[in-house]
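For clarity, every value in this text was computed on a predicted model and none was experimentally measured. First the proteins, then the strands, lettered A, B, ... as listed; each starts at 1.
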There are 2 protein chains.
Amino acid sequence: MAVTLKDVAREAGVAISTASRALSGAADPITSTGTRERVREVARRLKYRYNLHARCLRTGRSETVGILACDLGQRIGLAKLLAVEAAVREKGYRTLLRYRHQAGLKGRQLGFAQEFASSEVEGAIVINVDAEHSGPLGALIQRGIPVVSLEPLEGVPADVVTVDRMAGAYLLTKHLLDLGHRRIGLLCSSLTTPGLAERHWGYQQALAECGCSFDEAVFARLPSNVALGTCVRGYEAARELLARRPLPTAVFCSNDEVAFGAMKALAEAGLRVPEDMAVVGFDDIEMAAFAPVPLTTVRQPVGEQATQAVALLFERIANPDDERPPRAIRLKPRLVVRASSGGPVVVSDGRED
Amino acid sequence: MAVTLKDVAREAGVAISTASRALSGAADPITSTGTRERVREVARRLKYRYNLHARCLRTGRSETVGILACDLGQRIGLAKLLAVEAAVREKGYRTLLRYRHQAGLKGRQLGFAQEFASSEVEGAIVINVDAEHSGPLGALIQRGIPVVSLEPLEGVPADVVTVDRMAGAYLLTKHLLDLGHRRIGLLCSSLTTPGLAERHWGYQQALAECGCSFDEAVFARLPSNVALGTCVRGYEAARELLARRPLPTAVFCSNDEVAFGAMKALAEAGLRVPEDMAVVGFDDIEMAAFAPVPLTTVRQPVGEQATQAVALLFERIANPDDERPPRAIRLKPRLVVRASSGGPVVVSDGRED
DNA sequence: ATAATGGCTGCAAACGTTTCCGACGAATCG
DNA sequence: CGATTCGTCGGAAACGTTTGCAGCCATTAT
């Protein structure tokens with residue numbers, strides 16, 4: 001059906017091997033200029049396209065990296081996905097997307113990482129996985145396929161390029177403390193999940209420096225049903241928090257979407273932002289500046305994270321026998337002060353840590 | 001390096017073909033239960049994984065569909081991407097992501113659709129492409145690879161499953177007219193791009209029914225620099241619109257992100273929503289309900305669109321020789337009335353058209 | 001008891017490409 | 001002028017899998 005290398009060779013009057021050389025090697029004069037041009041002309045005329053699987057089977061390289069993600073409810077995750085895709089493409093590689101909706105998890109217990117066929121991908125970038133998949137990820141690495149994660153991973157010997165959430169949380173909390181807040185609410189889905197625990201530590205550290213301590217009463221958990229959407233979950237958690245007394249004077253939201261939800265809950269309760277309650281988010285998605293009250297938040301260096309992760313991955317791919325231990329790169333986020341915290345609107349770059 | 005079928009066969013004491021049959025066929029008793037179990041046990045022990053490229057080369061099927069997208073700046077496009085991925089995965093196929101950042105276009109003039117190698121994908125879903133790529137898409141179809149698009153496509157014989165934007169725009173405009181508005185601003189990037197032109201028609205049709213006509217003076221074009229982000233572009237366009245006189249009493253934004261930008265411009269100008277100016281968006285992204293003023297908009301049936309598109313694609317894949325002409329399915333969007341338009345908050349389902 | 005039947009299994013070809021190796025001609029050098 | 005070298009090309013093997021075909025053995029029917 002499809003036109004193959006044999007057709008091109010026959011039409012051009014050369015051997016298959018010659019045709020292959022004429023088409024693959026870019027500048028190597030392993031074929032004479034005459035035949036090379038002739039073969040290429042024929043290939044163009046016949047609309048020849050190489051067969052991916054034959055080439056990959058023969059060369060042993062698939063020129064593909066897998067992108068693994070579990071929950072892309074937040075805009076920041078999608079931004080990272082796109083950034084990784086761009087960085088991978090920059091290297092001339094393909095991207096295979098493997099996405100597991102949270103809702104679909106119960107259907108199949110098998111981790112999706114181990115589902116990769118042999119030589120399907122040469123490496124993988126993990127945007128975001130829940131803990132249940134760390135096992136399969138380990139199996140992947142054991143098969144000699146390098147993995148780089150954008151989130152902290154426990155018990156898996158993978159390189160990680162993370163955004164220092166602790167520093168981010170510290171910056172935000174410090175910012176609120178500097179503005180005089182002493183009772184700062186906390187809205188997130190868990191205190192123990194790796195990425196979130198980090199945030200909590202940063203929050204607590206800033207509190208401790210100020211002589212304050214964490215009061216469980218200001219913590220409201222997001223509903224676990226992700227099908228609700230992150231804004232809605234933030235809204236629900238905020239309503240729960242607002243029912244308690246005494247009210248905090250500020251609230252720390254685990255991401256910008258949650259902050260949007262919280263703002264709605266505050267507005268409905270007749271509370272003004274930031275006069276009655278300050279609000280800060282996390283991520284600095286584009287909409288943060290367009291929130292009901294422009295949102296003070298912390299910016300994740302998405303592009304840099306993707307670039308570095310992909311660079312690390314390709315380094316591993318190029319040196320498969322290199323047994324060097326997993327590396328961890330932590331990128332510093334940047335405080336973006338807007339109106340929702342009530343402070344003077346400035347941007348400090350937070351590199352002092 | 002990797003463990004192959006030959007290793008499994010040798011270890012199990014059977015021929016390669018037997019091992020293949022024992023592992024591939026699920027229930028066909030083409031091998032005896034004894035050997036099948038034995039081979040599977042060995043495969044499990046050796047952690048055998050089939051080689052993707054060898055299998056695809058032999059069978060001629062790659063079990064992969066490509067996902068093509070050009071500009072994913074809006075949340076709705078990402079929602080569609082994820083929905084398509086889920087629907088494809090449901091069918092047991094892989095998804096290959098091909099994304100072209102708008103900014104990267106000038107770099108390579110080659111359309112990305114024709115870049116697919118032979119037998120790399122069995123079909124493709126187009127989320128969103130600009131007109132420059134319609135040529136390459138045609139070439140793809142000519143190679144016998146079915147394509148289904150989620151946006152209207154000109155001059156390309158592909159199936160399309162679109163959301164009826166004209167109906168959506170009509171619903172929104174009618175809604176504003178019913179509320180007494182007669183001068184309705186229009187914020188979008190172009191009046192001629194397929195998807196947007198549709199919207200404009202719906203807008204004009206509703207206007208015409210009411211005896212009004214379109215006044216160019218209420219149309220403000222979004223800045224073309226997509227790197228700015230959609231909210232910012234909406235903000236800029238709205239500022240331009242607000243500088244003109246007489247002011248419209250309502251503004252129709254080409255999507256929800258633009259509406260966010262517009263709201264900010266309105267707030268800065270001291271105008272209240274909806275009292276001084278009503279605002280409507282398009283798409284109904286999650287955040288629409290969490291805008292500074294909850295946004296009246298039109299909901300795109302994302303899940304249904306993805307499911308139908310994938311169904312159509314697999315129908316074509318299953319019947320490659322079927323020469324039936326391209327089909328077009330138009331899904332009806334649904335009006336979602338919130339506070340930003342000033343009407344009574346209800347939800348009509350717009351199926352009367 | 002012999003022939004026919006049918007279930008399992010092994011052999012080998014094929015998918016389309018890359019690449020090693022040998023061969024051939026021309027060109028260069030001694 | 002003969003020998004060596006170099007550039008160019010063709011032949012053929014190999015990558016790992018699926019699958020048509022043929023052969024084998026056990027079972028059943030005649």
| query | Looking only at side-chain N and O atoms, does B:Thr35 come under 4.0 Å of OP1 or OP2 in C:dT9? | reply | yes

According to a strict under-4.0 Å criterion, is B:Ser20 in side-chain N/O contact with OP1 or OP2 of D:dT18?
yes

With respect to the phosphate group of D:dC9, does any side-chain polar atom (N or O) of A:Ser32 fall under 4.0 Å of OP1 or OP2? yes

Handout entry: Salt-bridge criterion met for A:Glu11 and A:Arg45 (N-O under 4.0 Å)
Key = yes

inquiry  = Under a plain distance cut-off of 3.5 Å, with no hydrogens placed, do B:Gln300 and B:Lys80 share a side-chain donor-acceptor pair?
reply    = yes

When A:Ile127, A:Val129, A:Val126 are each screened for side-chain contact (heavy atoms from CB on, under 4.5 Å) with A:Cys70, the one that passes is A:Val129

| message | Students often mix this up, so state it plainly: with edges at 30° and 60°, are the rings of B:His53 and A:His53 parallel, tilted or perpendicular? | response | tilted

Between the protein and nucleotides 10-14 of chain D, list the N/O to N/O atom pairs that are separated by less than 3.5 angstrom.
{"residue": "D:dG10", "atom": "OP2", "partner": "A:Ala15", "partner atom": "N", "Å": "3.0"}
{"residue": "D:dG10", "atom": "OP2", "partner": "A:Thr18", "partner atom": "OG1", "Å": "2.3"}
{"residue": "D:dG10", "atom": "N7", "partner": "A:Ser17", "partner atom": "OG", "Å": "3.3"}
{"residue": "D:dG10", "atom": "N7", "partner": "A:Arg21", "partner atom": "NH2", "Å": "3.0"}
{"residue": "D:dG10", "atom": "O6", "partner": "A:Arg21", "partner atom": "NH1", "Å": "3.4"}
{"residue": "D:dG10", "atom": "O6", "partner": "A:Arg21", "partner atom": "NH2", "Å": "3.0"}
{"residue": "D:dG11", "atom": "O6", "partner": "A:Ser17", "partner atom": "OG", "Å": "3.4"}
{"residue": "D:dA14", "atom": "N3", "partner": "A:Arg58", "partner atom": "NH1", "Å": "3.2"}

Open item on the list: When you measure from the side-chain N and O atoms of B:Ser24 to the phosphate of D:dT17, is any distance below 4.0 Å, counting only OP1 and OP2?
Closed with: no

Query raised in the report: For C:dT17, does OP1 or OP2 lie under 4.0 Å from any side-chain N or O of A:Tyr48?
Result: yes

ask   = Going by atom types alone, do A:Thr35 and A:Ser32 pair a side-chain donor with an acceptor below 3.5 Å?
value = yes

Original post:
Thinking salt bridges, do B:Glu41 and B:Arg44 make one under a 4.0 Å N-O criterion?
Top reply: yes

